[in-house]
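Here's the structure we're looking at; comments come further down.
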2 protein chains.
Amino acid sequence: MAKRVLKHAILGLLRKQDMSGYDITAEFTKEISQFWSAKHSQIYTELKKLLDEKLIEQYIEISGVKLERKMYKLTEEGKKELAQWLMHPEQIPETEKDTFALKVYFIQYIPEEKILPLFQDQLDQREQKLSELKSRYQLIFAQREEKMGLAADELGHYLVLTKAISREESYVDWLKKSIRFIRQKR
Amino acid sequence: MAKRVLKHAILGLLRKQDMSGYDITAEFTKEISQFWSAKHSQIYTELKKLLDEKLIEQYIEISGVKLERKMYKLTEEGKKELAQWLMHPEQIPETEKDTFALKVYFIQYIPEEKILPLFQDQLDQREQKLSELKSRYQLIFAQREEKMGLAADELGHYLVLTKAISREESYVDWLKKSIRFIRQKR
DNA sequence: TTGTACATGTAATTCGTTACATGATTAT
DNA sequence: ATAATCATGTAACGAATTACATGTACAA
């Protein structure tokens, strides 16, 4: 009994508009990449499976003279499947994999003088990411939130962007606290 | 060029003391499970690979009359490999997979009346987890942090537990804010 | 004309889970 | 006795990445 998350992620993307495998791959480099992504090789394979399952249909669009874009469109079955998946609550996972946290668990085996640089590197990366996310937020949602509301099709985007920001803020806070704790403890 | 995280997680666990595959499997249900875990089938397979690579050695311990426990011990090579991995900083991943957040991205396709129950379910689960983590913290680290310091071999444990708590607090905060935002917006 | 982006696929391999399979030890 | 836990493994499958492979369109 597998979870088939990618399957439903693709159905979700196609729910808004017909897309090619290339388009779907591109979507997975945008906002949603904070929470799910896949390489084109996996996407093209998954699209074939979804065709088999009759959750999507294919048609061809010509770009330029002869380049065939294979466009995919949700079937009624596909819409139903997506709705079912979206409405069905799931157990939260016991494990949320994080290599840095795993290394920190083994901190006693890291030479004293390498510890703070490791934390500092992680902090730099996380702050960089946080600042990018905040820029995006400013660009898209600042002002609007209060004045006019959001359009219905922007709510999901808004919520996941605030989620990503919240996650990175929490990461940065913990890193800063940890750095202080390690410094003070020496 | 794979990352072999499990490989290094096992080396890390064996750094403290010799263990069997069964013991390692059990460790992955404790604190560290918040950030990494694996099933016994994968662990036994990985242990064979590590033997091949001469990063660990095997010896037999008898439990009771004839039950053979296969114990594993780091080699010098294994210690070096672990130290290298621990000291080497890595790029943070672009994607931290989260099925709930993915569903939220598609919130516009969830029937209005199902949205808040979904968030409430997630909130209940996250608060439950947070409360378990805080209990563990109380049990193990409360009081100590300030009075006496931590033993060297407790620092990693302390930091990852505070990390897990921070992560879940952030999740809960975002869920509460989102619920308010969705309510207010109706 | 040349490089970048568009566009689609397969193959090989690794990582991870579930299912299958077996047996010993210990506590009730 | 018998159930729970200890203990180790393989097989099958699914999920995911990397590498291989090819060709078109468009802008500088």
Side-chain angles (χ1 to χ4, degrees), chain A residues 1-11 18-30 33 35-53 56 58-72 90-91 93-99 102, chain B residues 1-10 18-30 32-33 35-53 56 58-72 90-91 93-99 102:
Chain A
M1 179 210 341
K3 288 202 301 158
R4 305 287 308 272
V5 180
L6 179 60
K7 160 179 169 172
H8 296 99
I10 291 175
L11 294 179
D18 299 356
M19 279 191 260
S20 67
Y22 190 87
D23 296 334
I24 292 168
T25 306
E27 283 300 314
F28 278 126
T29 66
K30 305 211 176 101
S33 76
F35 300 108
W36 208 268
S37 64
K39 310 288 180 189
H40 78 272
S41 55
Q42 198 185 0
I43 290 164
Y44 288 118
T45 314
E46 190 66 38
L47 284 168
K48 293 220 166 133
K49 279 204 232 176
L50 293 176
L51 272 179
D52 280 354
E53 299 173 58
I56 59 175
Q58 190 191 67
Y59 60 96
I60 308 288
E61 247 181 41
I62 302 291
S63 268
V65 176
K66 53 140 100 169
L67 182 58
E68 299 193 344
R69 282 174 40 93
K70 296 188 180 173
M71 300 298 288
Y72 296 94
E90 291 172 55
Q91 285 293 123
E94 355 69 79
T95 304
E96 291 177 30
K97 293 191 170 181
D98 180 334
T99 305
L102 177 63
Chain B
M1 178 210 341
K3 288 202 304 157
R4 303 288 308 273
V5 180
L6 178 60
K7 161 179 169 173
H8 295 99
I10 291 175
D18 298 357
M19 279 191 262
S20 67
Y22 190 86
D23 296 334
I24 292 169
T25 307
E27 283 300 313
F28 278 125
T29 66
K30 305 211 175 99
I32 192 56
S33 76
F35 300 107
W36 208 267
S37 64
K39 310 289 182 190
H40 79 272
S41 54
Q42 199 184 2
I43 290 164
Y44 287 119
T45 314
E46 190 67 37
L47 284 167
K48 292 217 167 135
K49 280 204 232 174
L50 293 175
L51 272 179
D52 280 354
E53 299 174 57
I56 59 174
Q58 190 191 66
Y59 60 95
I60 308 288
E61 246 181 42
I62 303 291
S63 267
V65 176
K66 54 142 96 169
L67 182 59
E68 298 193 343
R69 297 186 66 211
K70 297 187 178 173
M71 300 298 290
Y72 296 94
E90 291 173 54
Q91 286 293 121
E94 355 70 81
T95 303
E96 291 177 30
K97 292 191 171 181
D98 180 333
T99 306
L102 178 62

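So you know, we letter chains A, B, ... as the sequences are listed, proteins then strands, and number each from 1. Bear in mind that the values here come from a model prediction, so they are computed numbers and not experimental data.
Picking from D:dT10, D:dT8, C:dC6 the nucleotide with the shortest atom distance to the side chain of B:K70 gives D:dT8. With distances taken from any side-chain atom of A:Y72 to the nucleotides C:dG9, C:dC6, D:dA16, the minimum falls on C:dG9. Taking the side chain of A:Q42 as heavy atoms from C-beta on, and the options D:dA16, D:dT8, D:dT18, the nearest nucleotide is D:dA16. Here the side chain of B:H40 is nearest to one of D:dA7, D:dT8, C:dC6, namely D:dT8. Of the candidate nucleotides C:dT8, D:dT10, D:dA15, D:dA15 has the atom nearest to the side chain of A:K49. The A:S63 side chain lies nearest to C:dA7 when the options are C:dT25, C:dA7, D:dT10. You'll find that the side chain of B:K48 is closest to D:dT10, out of D:dT10, C:dT10, D:dA7. Each of C:dG16, D:dT17, D:dG9 was ranked by its minimum atom distance to the side chain of A:K39; first place goes to D:dT17.
Within 4.0 Å of A:S41, counting heavy atoms only, lies at least one base atom of the nucleic acid. At a threshold of 4.0 angstrom between heavy atoms, the contacts of B:V5 with the nucleic acid are absent.
Toward the 5' end of DNA chain D, the nearer of the two residues A:V65 and A:R4, judged by each one's closest nucleotide, is A:R4. Each of A:K97 and A:E68 has a nearest nucleotide on DNA chain C; the 5'-most of these lies closest to A:E68.
Although no hydrogens or angles enter the test, the distance criterion places a donor-acceptor pair under 3.5 Å between the side chain of B:T45 and the main chain of B:S41. For A:D23 (side chain) and A:S20 (main-chain N/O), a donor-acceptor pair under 3.5 Å exists by modelled atom type.
Taking atom CZ of residue B:F28 and atom C1' of nucleotide C:dT17, one finds them 15 Å apart after rounding to whole Å. To the nearest angstrom, C1' of D:dT17 lies 13 Å from CG of A:L6. Rounded to an integer number of Å, the gap from A:D52 CG to D:dG14 P is 13 Å. As a whole-Å value, the separation of B:Q58 CD from D:dA7 P is 15 Å. The interatomic distance linking A:I10 (CD1) with C:dT8 (P) rounds to 13 Å, in whole Å. Atom-to-atom, NZ of A:K3 to P of D:dA15 comes out at 10 Å; the value is rounded to the nearest Å. Summarising the geometry, the separation between OH on B:Y44 and P on C:dA21 is reported as 19 Å, rounded to the nearest angstrom. The nearest whole Å value for the distance from the CZ atom in B:R69 to the P atom in D:dT5 is 17 Å.
To the nearest 0.5 Å, atoms CG (B:D18) and CD1 (B:I56) are separated by 10.5 Å. Note that CD of B:E46 and CG of B:L51 are 11.0 Å apart. Values are rounded to the nearest 0.5 Å. One finds the CD atom of B:E68 at 5.0 Å from the CD1 atom of B:I60 (value rounded to the nearest 0.5 Å).
At the phosphate of C:dA7, neither OP1 nor OP2 sits under 4.0 Å from any side-chain N or O atom of A:T25. Taking side-chain N and O atoms only, B:Y22 has a distance below 4.0 Å to OP1 or OP2 of D:dC6.
Between B:T95 and A:S37 the shortest heavy-atom distance is OG1-OG, 2.8 Å.
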